[in-house]
Structure formats: structure tokens, C-alpha cells
Visitor: 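This is the structure I have questions about; it appears just below.
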Amino acid sequence: MSGAADSAPPRPGAPAGRLKKRKDFLRVASRGKRAARPGLVLQAAPGDAGTLRIGFTVTKKVGNAVVRNRARRRLKEAARLTLPGLGAAGWDLVLIGRDGTGRREFATLVADLRGALRQAGVTP
RNA sequence: UCAGACGGCCGGACGGCCGCUGGCCCGCGAGCGAUCGCGGGCUGGAGGAAAGUCCGGGCUCCACGGGACUACGGUGCCGGUCAACGACCGGCGGGGGCGACCCCAGGGAAAGUGCCACAGAGAACAGACCGCCCGUCCGGCUUCGGCCUGACGGGCAAGGGUGAAACGGUGGGGUAAGAGCCCACCGCGCUUCCGGCAACGGCGGCGGCACGGCAAACCCCACCGGGAGCAAGGCCGAAUAGGGGCGGACGGCGAGGCGCCGAAAGGUGUUGUCGCAAGGGCGGUCCCGCCCUUCCGCCCGGGUUGGCCGCGCGAAGCCCGCAGCGAUGCGGGUUCCAGAGGAAUGGCCGUCCGUGCCCGCAAGGGCACGACAGAACCCGGCUUACAGGCCGUCUGGCGCC
RNA sequence: CGGGCAGUAGCGCAGCCUGGUAGCGCAUCAGUCUGGGGGACUGGGGGUCGUGGGUUCGAAUCCCGCCUGCCCGA
């Protein structure tokens with residue numbers, strides 16, 4: 001699983017991979033810190049040193065497939081615009097979509113993410 | 001112009017910046033190499049329902065030699081279309097609407113079984129409560145013709161009443177009162193002839209009410225149906241294995257092999273090589289057929305992180321022409337049009353479009369919102385959801401010429 | 001991807017197969033017993049039968065479409 005990361009030097013601060021396995025999500029949920037905002041819920045746990053991995057969860061309660069896709073894509077975009085340069089390497093993050101994720105003003109959603117990262121101790 | 005019916009179509013448009021993903025190309029690096037990594041450029045990138053998964057196919061694997069019976073499921077007027085269908089088209093029959101049109105699981109009730117509550121006298125080869133009529137008798141009245149109440153005997157089913165449904169309906173004749181008892185029309189059944197490929201329809205004749213309804217009750221008849229599903233299935237790589245051990249029982253018959261005896265016929269021992277038998281399997285049963293297996297007991301022993309193919313040139317889309325009422329078919333031209341895998345198609349901004357609200361006398365401005373909904377192997381249908389809009393044909397009403 | 005079950009009163013369930021009356025328990029309301037509570041007894045109220053159609057004279061029940069929830073198998 002780490003073969004690609006070895007031969008591909010990532011951009012500084014950019015996510016190096018996605019969390020894909022159920023057990024990764026369970027580990028972050030059980031051992032990590034939580035920070036909730038109206039637009040999202042963040043779970044963060046220390047992972048492999050030097051790499052930042054991120055996963056997304058949007059459950060069926062949020063809505064149908066269109067609504068869930070939209071929430072996940074907006075979270076991806078917010079993470080893409082926010083995380084580089086924050087020095088979050090070494091963390092595994094899980095972003096969970098909520099009812100407000102799809103409708104919330106995008107700038108506010110980004111602010112939610114920054115605040116959640118601070119609360120969870122990922123960034124100072 | 002208003003109301004309505006049907007058919008077809010669109011389902012936000014254009015642009016900028018930053019991203020994601022498939023393909024192609026270029027550069028750099030690694031490697032003997034296939035190739036891999038990074039960077040850059042060009043280009044493709046959700047739907048009419050992608051949805052629900054209700055049918056039908058393609059494709060893939062499994063089973064399969066044939067037949068009979070049975071079970072289960074589905075379909076059900078006729079003809080056509082289609083690769084196929086439970087879909088579609090055109091008819092027929094029935095029902096609804098002033099109409100354009102719409103709706104219908106629409107075979108069989110004289111094969112059998114069953115059900116028809118309540119009400120009602122009677123509910124399936126029925127029945128007489130009120131009633132109508134005739135006769136006899138008792139009583140009363142009498143303008144002596146008769147009338148009335150009641151009882152008994154008999155005839156009737158027209159009228160009232162019950163019901164979803166009352167054993168044909170309406171009218172006339174007829175009669176003591178009645179009755180298909182007779183007649184006309186309607187309905188029903190049978191039928192000659194005619195039209196139609198057919199479902200069926202029409203004219204006529206006969207019968208003379210004899211066959212009530214429910215099969216989306218069981219059922220009968222006809223036709224159709226092998227099972228599973230892309231997590232199908234295949235390849236590569238990794239790993240473990242596809243077994244091992246111990247003990248016991250015997251191998252039911254025949255053939256063959258091998259050993260021994262014998263000149264030979266043969267005998268004898270051994271052996272799971274072959275056949276039969278036995279056991280098991282081939283949805284259920286049966287027949288033939290095929291396949292598998294020495295048997296029993298105990299003990300020990302696994303693995304599944306990944307990559308690639310399948311995976312998009314197809315019953316394909318678009319534009320014409322011809323045939324057909326139409327579904328559709330045929331011919332010509334043209335286009336290549338998503339391929340992810342915790343799963344790409346996004347974020348932000350501007351102009352326009354539409355809708356709503358607010359400010360304003362107005363010009364205009366501001367704010368918010370953008371229907372239903374996201375490909376997961378593919379295709380043909382069905383069903384369901386859906387803001388707003390466009391085009392065409394037709395019907396009814398009103399007004400005008 | 002494939003298969004199955006359920007939806008009936010505030011809650012938990014019958015009734016459906018074999019069509020005509022929706023019933024049981026708890027809860028709730030009123031009354032009686034008690035000084036009051038608890039409890040017991042008596043009586044009462046309450047249901048678009050998930051939804052939209054169809055078949056039938058008549059549908060919770062039979063048939064079809066849809067919605068919601070749950071459970072299996074791969």
C-alpha cells in the first residue's frame with residue numbers, strides 16, 4: 001500500500017492518499033479526536049509519519065445519491081483548498097458529511113473545516 | 001378567445017480560473033526489456049428516467065441423451081410487429097364522455113366442487129307476506145241487480161314490498177284473475193346465407209324462456225418456461241494446498257495382469273486394471289441411459305493483500321428516401337459518443353433565461369431559488385418521480401366576418 | 001445482485017388463507033369500594049386497516065402499481 005508513496009514524493013502538505021478500508025475508518029473513529037461543525041464532522045488520528053491521508057463518509061441519512069455525491073465532492077474541494085501548507089502531515093483524517101454540507105455557503109464550509117482542524121489539534 | 005383531448009420534443013445557455021478521471025502525444029527519470037513514476041499539452045466525460053428491478057433477450061459459467069407423467073410459476077379476444085416479451089401497433093367486443101378521445105387480466109360457469117352475509121315469503125331446477133280472482137258457508141245491508149266483513153277449498157304471480165341480484169323487459173291481445181297463453185319490438189339461445197385471414201358483424205329463419213352471478217374462489221383448457229448471475233467467468237502474481245498419518249475390515253461375481261504348479265486344459269495365490277452387482281448423483285416419480293466411488297473409525301492440516309481481461313462498434317445514434325393506416329421493415333449517407341472501482345463528471349465567479357419577494361411614480365436595482373434525480377456488463381420494454389417550456393393535430397363553447 | 005416478511009386504536013398483537021360483525025391485552029376517561037393513594041370491580045370512548053387503482057352487490061381480506069421499515073443469501 002505504501003509503494004506508491006515511496007517513489008512519488010508528494011507536494012508539501014497535500015494529501016498523499018485516501019482512506020479506503022473499513023478498518024481504517026474504524027480506527028480513526030475509535031482512537032481519534034472529534035470536532036463537529038454545522039457543515040461537517042471531523043475525525044482525526046495520528047497515522048503514518050510524514051503522510052497525510054483523508055477519507056470521506058456520507059451516510060444514507062443525509063439524502064439520496066445526488067445529495068450524498070454533492071456533499072462528498074464539496075468536502076473534497078474544501079480539503080483540497082485548505083490542507084496544503086498547514087503542516088498536517090502524519091494525520092489520518094475522516095470528513096463526515098451532514099445535512100448542511102450540500103447547502104452551506106462554500107466559504108463558510110471552508111471556515112468550518114479550518115475551525116475543526118484547530119479544535120482537533122491537527123493545526124495550531 | 002376560453003376550456004379540453006391526443007402525439008412528439010427540450011429539460012437551463014455562453015464564458016473564465018482552479019481541480020478530478022479515461023484516451024492520445026511530448027519531455028525527464030528508472031529498468032536489459034515489457035513497462036513504471038513525475039511534469040506538460042490536446043481531447044472525451046451521467047439520464048429521460050441513469051431510479052424501482054416488474055418482464056424479455058445478449059453474454060458467461062453450470063447441468064443436459066431421450067421420453068412420458070406430475071408439480072410449480074407465468075400468460076390468456078383476433079391479426080400483425082419484434083431477436084424476444086407479460087411490450088408495441090391495428091382491429092373486435094364491453095364500459096365511460098356532448099365531443100376530440102379514454103379505460104378494460106377480455107378463454108371456459110350445459111366437467112366438477114364451493115360461495116351468494118343482512119333483509120326478504122322466496123337466493124338457484126325457489127317461493128306466496130300483503131294482494132288479485134272463483135266457488136261454498138255464516139253474518140250484515142239492499143232501490144232485490146248485488147255489495148261488505150269473516151272462515152274454508154281452489155286458481156294466479158300482474159301490482160306492492162325486500163335485496164346487488166327475484167327464473168326475461170316494454171306495449172297490445174287474451175282471461176274469472178293471470179301466465180310467451182298469443183302477437184310486435186328488444187334481450188337470450190340455435191342456425192341458413194353474406195362480409196371478414198380471424199376475433200366478430202349484418203340480414204333472415206327457428207325456438208318460446210329453457211341455461212342467475214362470482215373463476216383477480218378452487219379449478220378446467222391452451223400455450224410458454226433448465227439453473228444461476230459480471231461478486232458471471234478467465235488470466236497473472238503471492239501464499240497454502242490440491243492431502244498426510246494410525247488402526248481395522250474385506251474385498252459379492254466374472255475378466256485381465258503378475259507369481260507358482262502343470263505338457264495342456266486348468267488350478268492356486270496376489271493385485272482395485274476392466275466389467276457386472278451394490279451404494280450415491282443427474283429438480284420429483286418411472287423406464288432405458290450416463291457419471292462417480294474399496295469400505296469404516298480416529299487424529300493432523302489451508303489460503304483468499306493485489307493487478308489485468310471481461311468493458312463498450314452496438315438488435316447503436318443522427319439525416320434522407322421507399323413500403324405500410326401503424327408498430328416496423330428495407331435501402332443510402334454520416335458519426336464514434338463516459339468507463340469509475342471507498343467509486344471521476346466538482347468548486348468559485350461573470351453575463352443571460354425563468355420564478356418569487358423587496359425598494360422605486362417610472363426607467364431600473366437588490367436578494368433568494370433552479371423539477372425529478374447520479375452510469376457500475378449491455379440492450380429492448382414496463383412502472384414510478386418530475387419545476388418550467390416548445391411544436392403539431394383535433395374537440396366543445398363564445399365572439400366576429 | 002438475488003430472495004423473503006411486515007405495515008390494523010397511543011403501544012404490542014389477532015382477524016386476511018375460506019370476502020359481509022374490525023377483536024384482545026396494556027394505556028386512557030367516568031363511576032363504585034377507601035379518609036386519600038395504590039389496587040380491585042363495573043361501564044365507556046378511541047381505528048383514512050400504509051397509499052393509489054381494479055375485481056365483486058360488497059375488500060382489512062382477492063389482484064396490480066407505489067411508499068416505508070425489517071430480515072436472510074452471495
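In what follows, chains are A, B, ... by sequence order, proteins preceding strands, each numbered from 1. In this text, all values refer to a predicted model and were calculated from it rather than measured experimentally.
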Visitor: Now, which nucleotide makes the Watson-Crick or G-U wobble pair with C337(B), with each of the two distances under 3.5 Å?
Guide: none
Visitor: Using the P atom on both, measure G44(C) against A6(C) and round to a whole Å.
Guide: 34 Å
Visitor: When the distance from CG of Leu75(A) to P of C348(B) is rounded to whole Å, what number comes out?
Guide: 12 Å
Visitor: Using the side-chain contact (heavy atoms from CB on, under 4.5 Å) definition, which of the options Val41(A), Thr57(A), Ile54(A) pairs with Val94(A)?
Guide: Thr57(A)
Visitor: Rounding to an integer number of Å, can you tell me how far Gln43(A) CD sits from G342(B) P?
Guide: 20 Å
Visitor: Kindly label the base of G145(B) as syn or anti, based on whether its glycosidic torsion lies within 90° of 0.
Guide: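 With its glycosidic angle within 90° of zero, G145(B) counts as syn.
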Visitor: Could you tell me which nucleotide pairs with U293(B) by Watson-Crick or G-U wobble geometry, both distances under 3.5 Å, or answer none if nothing does?
Guide: A278(B)
Visitor: In whole angstrom, give me the gap between the C1' atoms of A376(B) and G332(B).
Guide: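 38 Å, rounded to whole Å.
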Visitor: Using purine N1 to pyrimidine N3 plus N6-O4 or O6-N4 for Watson-Crick, or N1-O2 and O6-N3 for G-U wobble, each under 3.5 Å, what pairs with C6(B)?
Guide: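 With both distances under 3.5 Å, C6(B) matches G392(B).
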Visitor: OP1 or OP2 of G342(B) sitting under 4.0 Å from any side-chain N/O of Arg72(A)?
Guide: no
Visitor: Say you pick atom P in G15(B) and the same atom in U43(B); how far apart are they, in whole Å?
Guide: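 Pairwise P distance, G15(B) against U43(B), rounds to 13 Å.
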Visitor: Could you check how far CZ of Phe56(A) sits from P of G346(B), rounded to whole Å?
Guide: 16 Å
Visitor: Could you give the distance separating G66(B) and C235(B) at their C1' atoms, to the nearest angstrom?
Guide: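 Roughly 38 Å separates the two C1' atoms.
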Visitor: Where does G312(B) land, syn or anti, once you apply the within-90°-of-0 test for syn?
Guide: syn
Visitor: Determine the Euclidean distance between corresponding P atoms of C16(C) and G39(C); express it in Å to zero decimal places.
Guide: 36 Å
Visitor: By nearest atom, which of the nucleotides C348(B), A46(B), C18(B) is closest to the Phe106(A) side chain?
Guide: C348(B)
Visitor: With C1' as the reference atom in both, quote the distance from A232(B) to C292(B) in angstrom, rounded to an integer.
Guide: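 Result for the C1' pair: 27 Å, nearest Å.
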Visitor: Can you name the nearest heavy-atom pair linking Ala116(A) to Leu40(A), along with the distance?
Guide: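 Between these two residues, the closest heavy atoms are CB-CD1, 4.2 Å.
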Visitor: Write down the partner of C152(B) under the Watson-Crick or G-U wobble criteria, each distance required to be under 3.5 Å.
Guide: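 With both distances under 3.5 Å, C152(B) matches G135(B).
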Visitor: Separation of Leu81(A) atom CG from C348(B) atom C1', in whole Å?
Guide: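 It works out to 9 Å between those atoms.
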Visitor: Would a distance-only check, ignoring hydrogens and angles, find a side-chain to backbone donor-acceptor pair under 3.5 Å from Arg74(A) to Gly102(A)?
Guide: yes
Visitor: Taking the nucleotide of RNA chain B with the closest heavy atom to each, which residue, Glu77(A) or Ala65(A), is nearer the 5' end?
Guide: Glu77(A)
Visitor: Can you tell me the distance, in whole Å, between the CD atom of Glu105(A) and the P atom of G347(B)?
Guide: 13 Å
Visitor: Looking at the angle O4'-C1'-N9-C4 for a purine or O4'-C1'-N1-C2 for a pyrimidine, is G233(B) syn or anti, with syn meaning within 90° of 0?
Guide: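 Base orientation: anti.
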Visitor: For the side chain of Thr57(A), starting at C-beta, report the closest nucleotide among G374(B), G342(B), G347(B).
Guide: G342(B)
Visitor: Could you check which nucleotide pairs with C88(B) in any of the strands shown, counting Watson-Crick or G-U wobble with both distances under 3.5 Å?
Guide: G80(B)
Visitor: Show the numbers, then the answer: is there a side chain to side chain contact (heavy atoms under 4.5 Å, CB included) between Val58(A) and Val67(A)?
Guide: CA-CA 9 Å; Val58(A) 184; Val67(A) 174; over 6 Å; no
Visitor: Find the distance Arg80(A):CZ to C348(B):C1' and express it as a whole number of Å.
Guide: 10 Å
Visitor: Who passes side chain to side chain contact (heavy atoms under 4.5 Å, CB included) against Ala44(A), sequence neighbours left out?
Guide: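 Expected list: Trp91(A), Leu93(A), Ala120(A), Val122(A).
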Visitor: For C377(B), give its Watson-Crick or G-U wobble partner with both distances under 3.5 Å, or none.
Guide: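 Partner of C377(B): G58(B).
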Visitor: Let me know the distance between CG of Asn69(A) and P of G342(B), rounded to the nearest Å.
Guide: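 Taking CG of Asn69(A) and P of G342(B), I get 14 Å after rounding.
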Visitor: Picking from Arg34(A), Lys33(A), Arg37(A), what satisfies side chain to side chain donor-acceptor pair (under 3.5 Å) with Gln119(A)?
Guide: Arg37(A)
Visitor: Determine the Euclidean distance between corresponding C1' atoms of C313(B) and C377(B); express it in Å to zero decimal places.
Guide: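 Between the two C1' atoms, the distance is 16 Å.
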Visitor: Which letter, B, S or -, goes with each nucleotide of nucleotides 65-71 of chain C from 5' to 3', with contact meaning a protein heavy atom under 4.0 Å?
Guide: -------
Visitor: Can you tell me how far C1' of A50(B) sits from CG of Asn64(A), to the nearest Å?
Guide: 13 Å
Visitor: Choosing from C348(B), G374(B), G342(B), which nucleotide comes nearest the side chain of Arg73(A)?
Guide: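 Nearest to the side chain of Arg73(A) among the choices is G374(B).
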Visitor: Who is the Watson-Crick or G-U wobble partner of A68(B), with both distances under 3.5 Å?
Guide: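 The answer is U285(B), by the H-bond criterion.
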Visitor: Give me the distance, rounded to whole Å, that separates A375(B) from A231(B) when you measure between the P atoms they each carry.
Guide: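 Comparing P positions in A375(B) and A231(B) gives a spacing of 15 Å.
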Visitor: Toss me the dot-bracket line for RNA chain C: Watson-Crick and G-U wobble, both under 3.5 Å, 5' to 3', using | for pairs to another strand and [ ] for crossers.
Guide: (((((((..((((......[..)))).((((((.....)))))).....(((((..]....)))))))))))).
Visitor: Return the pairing partner of C181(B) with a 3.5 Å limit on both distances, Watson-Crick or G-U wobble; otherwise return none.
Guide: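 Base partner found: G173(B).
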Visitor: Categorize Arg70(A) for me: base, sugar-phosphate, or nothing, with a 4.0 angstrom heavy-atom threshold over every strand shown.
Guide: sugar-phosphate
